[in-house]
Amino acid sequence: GPFHHYVFEFYALDAKLEAFYTTSLEWHAFKGRTDMQHVDAWFDMKVQQAVRDTVKCMDETMFRSALQRGFFDLQHAMKWYLKRTKKNPNRDVMKRAIETQVLLLAPFAPHICEEIWKKIGKEDFVSLARLPDIAEKPVDPELDAAESLIVNVLDDVRRVLSLAKVNKPKQITFFVA
C-alpha cells in the first residue's frame with residue numbers, strides 16, 4: 001500500500017535506535033585514552049557541527065533534516081572515529097559525543113533517550129537538559145580537510161587493490177608530488 005515505505009522506514013529506524021541504545025551505554029562506560037590526538041579534535045568538531053546543524057534545522061522546522069544531521073550523520077562520523085582510533089577513543093571526547101547525541105535525539109525518541117540519560121548517571125531528565133554551547137568554537141577547515149584526505153587515500157587504495165586482485169599486500173608505498 002501507500003504506507004509501505006513509511007512502515008519500512010519506521011522499522012529501520014527502530015533497529016538503529018536499538019543499536020544506538022546499546023552502543024551509547026557501552027561506549028559511555030568505556031575507559032578509553034586520555035591523550036588528545038588529531039582524530040579526537042576532528043570528531044569533537046563533527047559533534048559541534050552536528051549540534052549547530054541540528055539546531056538550525058529544528059529552528060526552521062526541518063525535522064527530517066534535523067534527524068539526519070543529529071543522528072545519522074553523527075553516527076556515521078562516530079563509526080569512522082572508532083575505526084580510526086582502532087576502537088580506543090579519547091574517553092572525554094566519546095562521553096561528550098554520546099551525551100550530546102542523546103540530547104539531539106531526545107525530541108525524536110524521548111523514551112529511549114531518557115533511559116540512556118539515567119543509565120549514564122545523569123540526575124535530571126534529558127528533556128530538561130541543555131545542549132552544550134558551541135557558538136564559541138569555530139570550525140577548523142584544516143581538520144576536516146586532513147581527515148577527508150585520509151578517507152580518500154584509503155578509498156583509492158581499496159579500489160586499486162580490488163582492481164589488481166590483491167588481498168593482503170605486504171607493503172604499500174605512496175608517492176606524493
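What you see is a predicted model, and the numbers here were worked out from it, not measured in a lab.
- Annotation for F43 and A97: closest pair CE2-CB, 3.4 Å, computed over non-hydrogen atoms.
- To the nearest 0.5 Å, the span separating NZ on K79 from CG on L74 amounts to 14.0 Å.
- Between I98 and T23, every side-chain heavy-atom pair lies at or beyond the 4.5 Å cut-off.
- Counting non-hydrogen atoms of neighbouring residues, nucleotides and ligands closer than 6.0 angstrom, the CZ atom of F125 reaches no more than 12 such neighbours.
- M78 has its side chain out of reach of K46: every pair of non-hydrogen atoms, C-beta onward, lies at least 4.5 Å apart.
- E114 and S127 share a side-chain donor-acceptor pair at under 3.5 Å.
- Scored by the side chain to side chain contact (heavy atoms under 4.5 Å, CB included) test, D59 finds V55 as partners (sequence neighbours excluded).
- Atom-to-atom distance recorded for L105:CG and T100:OG1 is 12.5 Å, nearest 0.5 angstrom.
- Closest approach of V126 to A106, counting heavy atoms only: CG1-CB, 4.0 Å.
- A distance of 8.5 Å separates CZ of R84 from CD of Q37, quoted to the nearest 0.5 Å.
- More than 12 non-hydrogen atoms from other residues, nucleotides or ligands lie less than 6.0 angstrom from NZ of K118.
- A donor-acceptor pair is defined here as one N or O able to donate and one able to accept, closer than 3.5 Å; such a pair exists between the side chain of N90 and the backbone of D35.
- Remark: A66 pairs with T54, C57, M58, F108 by the side chain to side chain contact (heavy atoms under 4.5 Å, CB included) rule, at least two apart or across chains.
- With values rounded to the nearest 0.5 angstrom, L104 atom CG is found 10.0 Å from L67 atom CG.
- Here the CG-CZ distance, from D40 to R96, works out to 9.5 Å after rounding to the nearest 0.5 Å.
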Start with the C-alpha distance between K16 and Q75, add both sets of side-chain angles, then the distance that settles side-chain contact (heavy atoms from CB on, under 4.5 Å), and finish with yes or no.
CA-CA 10 Å; K16 288 195 183 304; Q75 284 289 295; over 6 Å; no
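- Partners of K119 by side chain to side chain contact (heavy atoms under 4.5 Å, CB included), not counting sequence neighbours, listed by chain and number: Y21, L25, E115.
- Side-chain N or O atoms of K31 include none that pairs as donor or acceptor with a backbone N or O of R91 at under 3.5 Å.
- For residues 65-78, the pairs satisfying salt bridge (Lys or Arg N to Asp or Glu O under 4.0 Å) are R69-D73, with sequence neighbours left out.
- Partners of F20 according to the ring pair (Phe, Tyr, Trp, His ring centres under 6.0 Å) rule, which considers only residues two or more places apart in sequence or in another chain, are F71.
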Would M36 and D44 count as a side-chain contact (heavy atoms from CB on, under 4.5 Å) here? Give the steps.
CA-CA 10 Å; M36 193 71 166; D44 222 9; 4.2 Å; yes
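- Around the CD atom of E60, the shell of radius 6.0 Å holds more than 12 heavy atoms that belong to other residues, nucleotides or ligands.
- Residues passing the ring pair (Phe, Tyr, Trp, His ring centres under 6.0 Å) test with W27 are F30, sequence neighbours excluded.
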Mind running side-chain contact (heavy atoms from CB on, under 4.5 Å) on L82 and M94 for me, showing each step along the way?
CA-CA 9 Å; L82 289 170; M94 200 62 182; 3.8 Å; yes
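- With rounding to the nearest 0.5 angstrom, the NE2 atom of H111 is 12.5 Å from the CG atom of L17.
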